[in-house]
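Sequence lines set the chain letters: A, B, ... in the order given, protein chains first and strands last, and positions in each chain run from 1.
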There are 2 protein chains.
Amino acid sequence: MISNRCHYALRAMLELALCEGRGPMTISQIASARNIPVRFLEAIMRQLKQAGLADSVRGKEGGYFLARPATQVHVGDVLALFDGPLFSDAEQLGPHIIRDGDPDVFAGVWREAEHALQGVFARHTFAALADREHQRRLASAENYTI
Amino acid sequence: MISNRCHYALRAMLELALCEGRGPMTISQIASARNIPVRFLEAIMRQLKQAGLADSVRGKEGGYFLARPATQVHVGDVLALFDGPLFSDAEQLGPHIIRDGDPDVFAGVWREAEHALQGVFARHTFAALADREHQRRLASAENYTI
DNA sequence: GACAATCCCTACAAAATCGATAGGTTTAGT
DNA sequence: ACTAAACCTATCGATTTTGTAGGGATTGTC
């Protein structure tokens, strides 16, 4: 299943997408906006940076921001980084299950599954998600004031 | 990702499908055919039985067999039993990530992903897999004798 | 009825994974 | 210099997963 790490990363990226174009965002800001343990998020953001999904400036007034426009970052990019590939052949995990490099009958199934997932995850950009989140917040704010 | 347990279960079910109609198969047979730890497989087979995928007779000459014809057992049935659902909402794992039962923006993504997977896994029956495995074995045997 | 082969159940040990924390270093703006 | 921020490495604790052990219960065969 999807690791907690990955859930955090997805929400951090969403937060960056929401604040796109308004300068870098600090780890503390992201963490408090999403209730994520700060020191844990620190490691996650580094990983996002190393993978080329986020970028950062150091020192005072520093922080993180999206490395590419939100319209060009997909949910699949984050998932592949943390939890992918989901469906690998068994021989990587338990080398004794498959004999002698015989082709595995299930390999085809895993390939299909992986492919189907990639299709889904490539359809969702963080720009679209941020948009939806924005709508959601407007609606709930309206609900509150009325 | 797919747990080792589940890989074992899939291969055990495949073995049962290969021997369909030839009486029950013992745990030892399945285990040695696939290099699975016997006592571990024991627990797995029980789980498969309790889920209604396999059935068994006890005592001497006993063993396991498919509860339904192999044409009506899908890979998805086994996966759902051991590792499913793969994509659940975040709130079940980390209740603090999402505030106040607010609808999660990612929930839709997970639903789509789960649905896509179900589609793939429902297309593969153990009958078809056993068939492919049979072909494979014939081919490799031919390769060996020539 | 004894025996042996087989499934069945519970508990437990060993190992891996994951979430989270701690302490300290480097960078850059003021 | 001071401070706020990103950066790095190590480690700890809890949970999950893998696998093992010992003992039962069931059924065919002699």
| request: For A:D55 and D:dA6, give me the distance from atom CG to atom C1', rounded to whole Å. | output: 12 Å

| Residue whose closest nucleotide on DNA chain D lies nearer the 5' end, B:V57 versus B:C6 | B:C6

Identify each atom pair where a protein N or O and an N or O of nucleotides 9-12 of chain C are less than 3.5 Å apart, giving names and distance.
residue : atom : partner : partner atom : Å
C:dC9   : N4   : B:E42   : OE2          : 2.9

| request: May I have the distance from A:L41 (atom CG) to D:dA6 (atom C1'), rounded to whole angstrom? | output: 12 Å

| query | If we only count heavy atoms from C-beta on, is the B:I30 to B:L41 side-chain gap below 4.5 Å? | reply | yes

| remark: A:E61 CD to D:dT3 C1', in whole Å, measures 11 Å

| query | For the residue pair B:F87 and B:W110, does the interplanar ring angle fall in the parallel (under 30°), tilted (30 to 60°) or perpendicular (over 60°) class? | reply | parallel

| request: Just compare C:dA5, C:dT21, C:dC8 and give me whichever is closest to any side-chain atom of A:F40. | output: C:dT21

| task | Could you check how far OH of A:Y64 sits from C1' of C:dT27, rounded to whole Å? | result | 13 Å

| remark: Which of D:dA5, D:dT27, C:dC7 is nearest the side chain of B:K60? It is D:dT27

| Taking only side-chain nitrogens and oxygens of B:Y8, does any of them come within less than 4.0 Å of OP1 or OP2 of D:dT17? | no

| field | A:R111 atom CZ, neighbour heavy-atom count above 12 within 6.0 Å | value | no

| Are any non-hydrogen side-chain atoms of A:H134 and A:L138 less than 4.5 angstrom apart? | yes

| task | Find out whether B:Q47 and B:F82 are in side-chain contact, i.e. whether some heavy atom of one side chain is under 4.5 Å from a heavy atom of the other. | result | yes

| When the distance from NZ of B:K49 to C1' of D:dA25 is rounded to whole Å, what number comes out? | 12 Å

| message | It should be established whether B:T26 places a side-chain nitrogen or oxygen under 4.0 Å from OP1 or OP2 of nucleotide C:dA5. | response | no

| task | Measure the spacing between CG of B:L66 and CZ of B:F126 and express it to the nearest 0.5 Å. | result | 8.5 Å

| field | Closest listed nucleotide, where the reference is the side chain of B:S3 and the choices are D:dA6, C:dC8, D:dT18 | value | D:dT18

| Quick one: which of C:dG29, C:dG19, D:dG19 gets closest to the side chain of B:N4? | D:dG19

| message | Distance check needed: D:dT17 P versus B:I2 CD1, whole Å only. | response | 12 Å

| said: Quick check for you: among D:dG19, C:dA5, D:dG24, whose closest atom lies nearest to any side-chain atom of B:P37? | reply: D:dG19

| C:dT6 OP1/OP2 closer than 4.0 Å to side-chain N/O of B:S28 | no

| query | Mapping A:V38 and A:R58 to their closest nucleotides on DNA chain C, which lands nearer the 5' end? | reply | A:V38

| query | Is the closest basic N to carboxylate O distance between B:E133 and B:R137 below 4.0 Å? | reply | yes

| field | Separation of B:H7 NE2 from B:D83 CG (nearest 0.5 Å) | value | 8.5 Å

| said: Please report the distance, rounded to the nearest Å, between CE in B:M45 and C1' in C:dT6. | reply: 13 Å

| For the pair made of CG in B:D83 and P in D:dT16, what is the distance, rounded to whole Å? | 14 Å

